[in-house]
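Only one structure is covered here, and it is reproduced in the block below.
Quick caveat, the model's predicted, so the values are computed rather than measured.
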Amino acid sequence: MKLVILFLIGGVLSIASVNAQKVDREAALKKAVETERAFSKTSETKGTRDSFLEFIAEDGILFRPTAVNGKKWLQDHPPPPSPTRSWLSWQPNFA
């Protein structure tokens, strides 16, 4: 009987820990959409390269042509002189 009670307690505790780890998906999606819109707006004002430099994660990857640390590569390779600045503009349709 004690063994059954211990298994029941263990089961209840494991279920409680799983529920405690649930992520608020709606909030995560909303944050992702807001970040995409902010990236697009920054691209329009600062240009594509500077927007990527501002938003890329510390461990983000670019392919040049092989995978490299994106933030480090962007910092180590200044943009070529250009009379015009490139920009991206988009918005997420769904998440």
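Annotation: the span from K71 atom NZ to D59 atom CG amounts to 10.5 Å, rounded to 0.5 Å. A distance of 11.5 Å separates CZ in R49 from CZ in F52, rounded to the nearest 0.5 Å.
Put simply, the residue from L53, N69, V68 that forms a side-chain contact (heavy atoms from CB on, under 4.5 Å) with L74 is L53.
A donor-acceptor pair is defined here as one N or O able to donate and one able to accept, closer than 3.5 Å; such a pair exists between the side chain of T35 and the backbone of K31. A side-chain donor-acceptor contact under 3.5 Å links T42 to the backbone of A38.
Within a 6.0 Å radius of CZ in R25, no more than 12 heavy atoms belonging to other residues, nucleotides or ligands are found.
Heavy atoms only, all atoms of each residue included: I56 and G70 are closest at CD1-CA, 3.6 Å. Between S43 and S51, the closest heavy-atom pair is N-OG, 3.5 Å.
By the salt bridge (charged side-chain N to carboxylate O under 4.0 Å, His left out) test, K72 is found to be paired with D76, residues two or more places apart in sequence or in another chain being considered.
Hydrophobic clustering (ILVMFWY, side-chain heavy atoms < 4.5 Å, transitive): F55 and V33 are in distinct clusters.
Side chains of K30 and E26 form no contact here, defined as non-hydrogen atoms less than 4.5 Å apart.
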